[in-house]
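Below, each value reflects all heavy atoms present in this structure, side chains not excepted, and no hydrogens, waters or symmetry copies.
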Amino acid sequence: MFKRMKEDIEVVFEQDPAARSSFEVILTYSGLHAIWAHRVAHGFYKRRLFFIARVISQISRFFTGIEIHPGAKIGRRFFIDHGMGVVIGETCEIGDNVTVFQGVTLGGTGKEKGKRHPTIKDNALIATGAKVLGSITVGENSKIGAGSVVLKNVPPNSTVVGIPGRVVIQDGVKIKKDLNHSDLPDPVADVCSAMEERIKHLEAELARIQEEGVEEVHVHSNL
């Protein structure tokens, strides 16, 4: 157990350049506290002591701002950076060397039963605010961009961005244009443009009618 705890501390130093001493990491890193509390809660969960397991996880949530269900399976060298707002569901499975940033949700869609949370394979990275939902798999060495919402399986060695999440890089090759917020559709602007075109059409039609009316007046006056 102490060997695993030492390994967890080493991961913090590898991942976070702001870490200065083991003493600081042990006392102040909420992500580390949440992982250690989860290991204890998960041990009770496996022994079917569900109430005790849940109490431990909720106490950890209160102090760390990180909610990990005691049923979640988490591998070695798991790193939670900053951590506030992270939610990990009951049937979630996380491999080794996975990194998760603040505001990440590894949750369900509310439609599944049984295995209803994601499986995150080894060496994956889930960036700030990303939501990975449902019984899907994020492949090895893949990265989920900040704020993305992922609802489908992610192949290994891929980068996913956007809402809904889409693969933009796979095996080092760009396969789709990167998400550019300036290119996102603006429904309000589209409606305004359509109204502007309609107004121009009506003005032209009105001008035509007025011209025909003036010509008709001139004809009658000449008669």
Side-chain angles (χ1 to χ4, degrees), residues 7-8 10-19 29 31-32 34-35 66-68 72-89 91-112 115-194:
E7 187 178 60
D8 294 332
E10 290 173 352
V11 171
V12 173
F13 283 105
E14 292 173 7
Q15 299 283 352
D16 188 359
Y29 274 66
L32 189 63
I35 292 169
I66 299 167
E67 182 173 349
I68 307 176
K73 298 177 182 178
I74 298 177
R76 301 177 65 174
R77 301 175 63 80
F78 180 51
F79 178 61
I80 302 175
D81 198 3
H82 298 292
M84 181 62 68
V86 168
V87 177
I88 300 175
T91 61
C92 189
E93 298 179 20
I94 299 175
D96 298 333
N97 299 301
V98 172
T99 298
V100 166
F101 288 82
Q102 70 271 19
V104 165
T105 299
L106 305 179
T109 63
K111 300 177 181 179
E112 304 102 332
K115 180 71 169 73
R116 58 192 184 279
H117 300 106
T119 296
I120 312 298
K121 296 291 188 176
D122 297 347
N123 307 309
L125 183 147
I126 317 294
T128 304
K131 314 301 178 188
V132 185
L133 307 176
S135 183
I136 62 176
T137 299
V138 175
E140 294 87 349
N141 309 306
S142 289
K143 298 177 182 179
I144 308 300
S148 300
V149 178
V150 183
L151 303 172
K152 296 181 179 180
N153 291 333
V154 176
N157 309 305
S158 300
T159 298
V160 172
V161 299
I163 303 174
R166 66 196 77 180
V167 177
V168 294
I169 298 175
Q170 187 173 0
D171 296 320
V173 179
K174 184 182 291 188
I175 60 175
K176 285 189 179 182
K177 183 179 179 182
D178 289 338
L179 182 67
N180 186 342
H181 288 282
S182 65
D183 294 334
L184 290 176
D186 186 341
V188 176
D190 291 343
V191 171
C192 290
S193 297

field: Distance-only donor-acceptor check, side chains D122 and N97, under 3.5 Å
entry: no
Least distance between heavy atoms, [X] atom then [Y] atom:
| X | Y | result |
| --- | --- | --- |
| E7 | R76 | OE2-NH2, 2.9 Å |
| A130 | G145 | CB-O, 3.7 Å |
| G139 | A124 | O-CB, 4.3 Å |
| K115 | T119 | NZ-OG1, 3.2 Å |
| L106 | P118 | C-CD, 3.8 Å |
| A72 | I88 | CB-CG2, 3.9 Å |

If you round to the nearest 0.5 Å, how far is [atom2] of [Y] from [atom1] of [X]?
| X | Y | atom1 | atom2 | result |
| --- | --- | --- | --- | --- |
| Q102 | M84 | CD | CE | 10.0 Å |
| N153 | T137 | CG | OG1 | 5.0 Å |
| K143 | N123 | NZ | CG | 11.0 Å |
| S142 | Q170 | OG | CD | 8.0 Å |
| K174 | T159 | NZ | OG1 | 10.5 Å |
| I74 | I94 | CD1 | CD1 | 4.5 Å |

Is the closest side-chain heavy-atom distance between [X] and [Y] below 4.5 Å?
| X | Y | value |
| --- | --- | --- |
| V100 | F78 | yes |
| I136 | V150 | yes |
| S148 | V161 | yes |

Spell out, as yes or no, whether a donor-acceptor pair under 3.5 Å connects the side chain of [X] to the backbone of [Y].
| X | Y | answer |
| --- | --- | --- |
| K152 | R166 | no |
| T91 | H117 | yes |
| D96 | G75 | no |

message: If we check side chain to side chain contact (heavy atoms under 4.5 Å, CB included) with F101, which of these qualifies: I80, I126, V86, T128?
response: T128
query: Is the number of heavy atoms from other residues, nucleotides or ligands within 6.0 Å of NZ (K121) greater than 12?
result: no
